[in-house]
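Below you'll find the structure, written out as structure tokens, and then a few comments.
Residue indices begin at 1 and follow the sequence shown.
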Amino acid sequence: MRLTPHRLMQGLRAGGALGGVAAVIALTGPFRYGDLGLPFPDHVAHALLFYGVTLAMLTALPRSRAGEVAIVAVLLGAMSELAQAALGRQASWSDFAGDAVGVAVAYAPIWVTRLRELARTHPHLTFAEIHAQDRRTPRPIGGRPLTETAPVAPQPDTLA
């Protein structure tokens, strides 16, 4: 069996799915952080977890925009805190901040690379001018581009 990018992506997606299941179990299960005996605070563990989750998502979703993937990762962090609160565990803002820091640290190299590219290609344009030239159309996640309209049903002839 030869290693191809497609096979590597399949493996990374499977590993990411298993990691996601493990993260859900760890975040919502009956475990207490103090029982794990880790040498750092809880919010640091959240940052490390969401750093890994964000990298897994960015790797497993190569056709998705990195900024949107980062937003979804932050939303997953918020949902994990809400799930912990709903299941009787302690939800905290510091844990959510740790989640967001982990996502930001994973996304930072992508943002810096994009900024360097803009500095080379459009050094004298404002960000608003660059955004106006962007050919990509905004779209809801999983939906059609906002510029694309749904097919219109034919209208019956009202004059006949």
Full working for side-chain contact (heavy atoms from CB on, under 4.5 Å) between His122 and Gln133: CA-CA 11 Å; His122 306 293; Gln133 293 178 0; 3.9 Å; yes

Atom of Ser92, atom of Glu81 and distance for their closest heavy-atom approach: N-OE1, 3.1 Å

Verify same cluster id: Val74, Trp111 (apolar side-chain graph, 4.5 Å): yes

Distance (rounded to the nearest 0.5 Å) between Glu68 CD and Met57 CE: 11.0 Å

Sole residue of Leu118, Val112, Ile110 in side-chain contact (heavy atoms from CB on, under 4.5 Å) with Arg114: Leu118

Ring geometry between Phe96 and Trp93 (parallel below 30°, tilted from 30 to 60°, perpendicular above 60°): perpendicular

Hydrophobic cluster membership, Tyr51 vs Leu58, 4.5 Å side-chain cutoff: no

side-chain contact (heavy atoms from CB on, under 4.5 Å) partners for Ala70, two or more places apart: Val103, Tyr107

side-chain contact (heavy atoms from CB on, under 4.5 Å) between Leu76 and Met79, worked out: CA-CA 5 Å; Leu76 283 174; Met79 288 189 301; 3.5 Å; yes

Hphob cluster co-occupancy, Val72 + Val105, side-chain heavy atoms under 4.5 angstrom: no

Chi angles and distances behind the side-chain contact (heavy atoms from CB on, under 4.5 Å) call for Met9, Leu12: CA-CA 5 Å; Met9 291 304 290; Leu12 289 171; 4.2 Å; yes

Interatomic spacing from OG1 in Thr126 to CD1 in Ile130 - rounded to 0.5 Å: 7.0 Å

Atom pair OG1 (Thr59) and CZ (Arg13), whose distance is rounded to the nearest 0.5 Å: 10.0 Å

From Thr54 atom OG1 to Leu49 atom CG, the distance as rounded to the nearest 0.5 Å: 9.0 Å

Lys/Arg N to Asp/Glu carboxylate O, Glu117 vs Arg120, below 4.0 Å: no

Gap separating the NE2 atom of His43 from the CG atom of Leu48, nearest 0.5 angstrom: 10.5 Å

Inter-residue atom distance His131.NE2 - Leu125.CG, 0.5 Å rounding: 14.0 Å

For the student: nearest non-hydrogen atoms of Gln84 and His46, plus distance: NE2-CE1, 3.9 Å

